[in-house]
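Below: the structure, in structure tokens.
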Amino acid sequence: KNQVEQSPQSLIILEGKNCTLQCNYTVSPFSNLRWYKQDTGRGPVSLTIMTFSENTKSNGRYTATLDADTKQSSLHITASQLSDSASYICVVSALQGAQKLVFGQGTRLTINP
Amino acid sequence: NAGVTQTPKFRVLKTGQSMTLLCAQDMNHEYMYWYRQDPGMGLRLIHYSVGEGTTAKGEVPDGYNVSRLKKQNFLLGLESAAPSQTSVYFCASRERNTIYFGEGSWLTVV
């Protein structure tokens with residue numbers, strides 16, 4: 001069964017600190033992996049997208065890594081800011097047409113001052 | 001989230017009532033989707049469309065119907081609302097590998 005598991009479920013860190021969020025997947029055949037940020041009460045917004053051949057991709061203070069062999073991805077946030085408080089969702093796309101996106105349950109990140 | 005608009009933003013329904021959620025996108029995308037998001041769960045696909053006049057069932061289609069009469073609009077209908085349909089509904093459209101989500105519609109069925 002295609003699944004995406006994220007950890008931790010929730011995380012609280014102090015402003016300025018770094019953190020890493022994890023995503024493990026069993027989706028096959030793999031097409032690409034996306035990380036989204038979802039602010040409370042808003043729709044998800046894309047942070048990064050990586051295909052099979054990409055190991056790392058950055059978007060400002062966000063850096064995503066992908067290990068297609070172990071089917072793991074991480075999202076590293078550097079020098080966190082209060083505005084980083086949100087849910088972060090890992091989404092894996094399978095090579096099965098337009099509809100096959102498998103969503104993780106998300107990690108709820110809280111940045112405290 | 002520019003370009004994908006959902007209406008209404010909030011709605012409270014009584015069990016058995018019907019309603020329609022409207023999703024509109026101005027990016028000329030072929031693919032459109034309706035998802036629901038429930039606490040502790042990832043977004044789940046209700047229905048999707050690969051182009052004007054086409055619709056298909058997703059992961060959790062029961063109790064919902066959709067229509068794509070115009071390319072820019074994707075409608076999600078609840079014919080007889082049930083409390084289990086209390087959720088946040090997100091519409092999305094896709095062009096190649098980029099997916100754009102709407103701001104969400106909060107639906108409560110009492």
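Here the structure is a predicted model, which means the values were calculated and not measured. In what follows, chains are A, B, ... by sequence order, proteins preceding strands, each numbered from 1.
Taking 4.5 Å as the limit, some side-chain heavy atom of A:Ile89 sits within range of a side-chain heavy atom of B:Leu43. Residues A:Ile49 and B:Thr98 form no side-chain contact, since every pair of their non-hydrogen atoms from C-beta on lies 4.5 Å or further apart. Inter-residue side-chain proximity for A:Val45 and B:Tyr100 is flagged as unmet; no heavy-atom pair is nearer than 4.5 Å. Side-chain contact check for A:Arg42 versus B:Phe90: every heavy-atom pair is 4.5 Å or farther apart.
Hydrophobic cluster membership is shared by B:Ile46 and B:Val109, with clusters built from Ile, Leu, Val, Met, Phe, Trp and Tyr side chains linked at under 4.5 angstrom. Hydrophobic clustering (ILVMFWY, side-chain heavy atoms < 4.5 Å, transitive): A:Val4 and A:Leu109 are in one cluster. Side-chain heavy atoms closer than 4.5 Å link hydrophobic residues (I, L, V, M, F, W, Y) into clusters, and following such links, possibly through other members, connects A:Tyr88 to A:Leu11. Hydrophobic clustering (side-chain heavy atoms under 4.5 Å, transitive across Ile, Leu, Val, Met, Phe, Trp, Tyr) keeps B:Ile99 apart from B:Phe74. Follow the hydrophobic side-chain contacts under 4.5 Å out from B:Leu22 and you never reach B:Met19; the two are in separate clusters.
For a residue to count as touching a neighbouring chain, one of its non-hydrogen atoms must lie under 4.5 Å from one of that chain's; by this rule A:Gln6 does not touch chain B. Using a 4.5 Å cut-off between heavy atoms, A:Arg108 does not touch chain B at all. Of the two parts of B:Gln6, neither the backbone nor the side chain holds a non-hydrogen atom closer than 4.5 Å to a non-hydrogen atom of chain A.
With a 6.0 Å radius and a threshold of 12 heavy atoms from other residues, nucleotides or ligands, A:Gln3 has its CD atom above the threshold. Within a 6.0 Å sphere centred on NZ of B:Lys9, other residues, nucleotides and ligands contribute more than 12 heavy atoms.
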Go through the steps for A:Val102 and B:Arg44 under the test side chain to side chain contact (heavy atoms under 4.5 Å, CB included), then give the verdict.
CA-CA 8 Å; A:Val102 184; B:Arg44 292 181 294 168; over 6 Å; no

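Considering all non-hydrogen atoms of both residues, A:Leu101 and B:Tyr35 come closest at CD1-OH, 3.4 Å.
Annotation: the span from A:Phe103 atom CZ to B:Gln37 atom CD amounts to 9.0 Å, rounded to 0.5 Å.
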